[in-house]
Amino acid sequence: MTIKIYNTLTRKKEAFETIEPGTVRMYVCGPTVYAPAHIGHAMSAMVFDIIRRYLEFRGYEVRHVVNYTDVDDKIIDRANKEGQDPFDLAEKHIQAYAQSLEELNIEPATVFPRASQEMDQIKGMISQLIDAGVAYAINGDVYYRVESKEDYGKLSGRKLETMNAGYRIQVDEKKEHPLDFALWKSAKEGEPAWESPWGLGRPGWHIECSAMNLHHLGEQIDIHGGGNDLIFPHHENEIAQTEAITHKTFARYWMHNGMLVLKGEKMSKSLGNLVTIDEFLSKYPGNILRLMVINTGYRSPLTFNDEVLEQTENAYARLLSALKPALANAAGLSQEADQYLNDQLTKARSNFIDAMDDDFNTSAAIAVLFDLVRIINQARSEGATESQLEPAQAAFSELMKVLGFKLEIETQTNSNADPFIELLIALRTELRTQKLFALSDKIRNDLKALGVIIEDSKDGTSWHWE
RNA sequence: GGCGACGUGGCCAAGUGGCAAGGCAAGGGUCUGCAAAACCCUCAUCAUGGGUUCAAAUCCCAUCGUCGCCUCCA
């Protein structure tokens with residue numbers, strides 16, 4: 001009946017209740033725009049796209065905020081190396097990312113704030129933190145005092161005492177505690193910088209998100225999402241910053257997607273083992289990536305390799321088989337059979353909802369859809385008419401769209417070639433009636449080589465692009 | 001070293017106390033001139049070893065292995 005969500009904060013599934021009835025405030029960490037986005041980013045965006053679509057399907061209005069980190073060390077480094085203006089570089093990647101989202105059929109967020117355009121909010125928040133005594137300025141830098149927060153570490157399950165062993169943590173003399181993190185960094189020569197009470201500088205990464213959250217969604221939000229690589233320190237620090245000012249629980253539900261894994265390792269820019277979204281889309285439709293994402297629980301790592309890709313393509317073709325038209329000589333289902341079809345339909349719909357209500361269990365939900373595919377195909381092969389098939393196909397399409405599949409015809413219909421293909425098929429039919437199979441098979445094979453698949457049935461021949 | 005997650009058939013992957021979803025692949029069959037598609041059928045006792053329980057893939061302990069985080073990262 002109610003939606004359950006796995007909350008990283010409590011490590012449990014909890015019943016979902018929004019702060020404001022009927023409205024979901026959801027913030028998801030977006031990319032740092034210094035390089036082309038890869039399919040790991042796409043996976044994360046897709047996970048939250050599916051969550052958002054489902055919440056909307058269940059009647060919520062979703063205020064969905066995704067930030068762009070456009071002020072950052074990496075952007076500056078990259079821009080300097082390429083002799084570019086950092087803002088131009090960021091802008092270029094923002095445009096490319098937005099384009100990718102569209103091609104992947106990911107709904108645009110309600111708002112896409114950018115760090116560079118939230119400076120007043122950011123500086124205001126830092127001032128408040130200093131006033132509250134939880135941050136300190138030193139030589140133009142401002143740090144958050146982690147020891148000031150009793151429950152620092154509550155999201156990631158870490159304790160300051162056990163973390164300060166020095167393992168991989170650089171000790172910075174300026175900081176009171178090695179884990180104190182930068183809210184404001186003083187500007188170096190040639191870097192973009194903003195005026196502030198602490199001198200010229202720019203914000204740290206963590207404060208950007210806290211400030212944008214506060215600005216666009218308010219003191220408390222329902223869902224905060226992102227990759228599980230952000231749990232520590234990024235999200236931990238967001239909690240520390242925001243709660244130090246509001247003294248309220250920041251996000252009710254912390255949701256984290258698993259990492260996309262390529263050759264046994266997390267896909268990441270720093271490891272260099274990546275497939276960009278553009279590279280992927282040049283070979284496969286976005287729906288294939290979506291099905292891969294859906295096939296796996298969003299919290300689990302997603303295996304990516306050629307074998308899985310091929311399996312997914314085949315599986316996707318099977319899903320689409322449900323939408324094929326009725327047989328030309330369909331005699332119609334009996335009343336019992338038609339009733340059975342409709343009963344199964346109702347059942348599938350409710351099973352789908354049960355699956356998705358359970359922490360967005362897309363693997364179980366897609367299994368329901370595969371069951372529905374079988375039921376529809378069964379009905380078709382038993383002679384269901386177009387009008388008998390239609391409600392089932394409509395329901396199937398609706399649920400596919402809830403998962404974000406784009407079902408508009410993707411076939412590269414080439415109206416110039418179509419008449420000639422039809423002609424060849426007519427010719428082949430003629431050859432077949434004369435039992436000149438060697439020739440008719442040659443036409444079929446040669447067309448296949450051109451990407452045209454021919455399927456014969458009792459009622460004639462149909463074709464489609466591969 | 002610390003924290004966290006995980007190990008289910010050839011592959012991908014649900015299921016967290018009551019006879020192991022789904023997809024891909026594979027094999028057999030129906031249909032077909034053949035093929036394709038579709039339909040029907042077949043295909044696992046859940047890393048290993050202990051323990052708790054009437055009952056465990058599911059809980060506990062140990063062992064082995066994998067991954068993530070602890071530094072920028074979706």
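In what follows, chains are A, B, ... by sequence order, proteins preceding strands, each numbered from 1.
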message: Under the salt bridge (Lys or Arg N to Asp or Glu O under 4.0 Å) definition, can you give me all pairs with a residue in residues 30-46 of chain A, not counting sequence neighbours?
response: none
field: NZ/Lys154(A): more than 12 non-hydrogen atoms of other groups inside 6.0 Å
entry: yes
- request: Quick one: list whatever passes side chain to side chain donor-acceptor pair (under 3.5 Å) with Glu279(A), sequence neighbours left out.
  value: none
task: For RNA chain B, determine which residues of residues 429-456 of chain A have any heavy atom closer than 4.0 angstrom to one of its atoms, and list them numerically.
output: Arg432(A), Phe437(A), Ser440(A), Asp441(A), Arg444(A), Ile454(A), Glu455(A), Asp456(A)
message: Less than 4.0 angstrom between a side-chain N/O of Asn361(A) and OP1 or OP2 of G15(B), yes or no?
response: yes
query: How does protein reach along nucleotides 22-28 of chain B, written 5' to 3' as B (base within reach of a heavy atom under 4.0 Å), S (only sugar-phosphate), or - (no contact)?
result: BBBS---
- line: So the salt bridge (Lys or Arg N to Asp or Glu O under 4.0 Å) pairs with at least one residue in residues 305-314 of chain A (sequence neighbours excluded) are none
- request: Classify the nucleic acid contact of Ser268(A) as base, sugar-phosphate or nothing, counting any heavy atom under 4.0 Å across all strands shown.
  value: base
query: Counting only N and O atoms by type, is there a donor-acceptor contact under 3.5 Å from the side chain of Asn67(A) to the main-chain atoms of Gly30(A)?
result: yes
message: Nearest 0.5 Å, please: how far is CG in Asp371(A) from NZ in Lys347(A)?
response: 10.0 Å
message: Filter on salt bridge (Lys or Arg N to Asp or Glu O under 4.0 Å), then keep only pairs touching residues 378-389 of chain A, sequence neighbours left out; what's left?
response: none
task: Describe the nucleic acid contact of Gly225(A) in one word from base, sugar-phosphate, nothing, applying a heavy-atom distance below 4.0 Å.
output: nothing
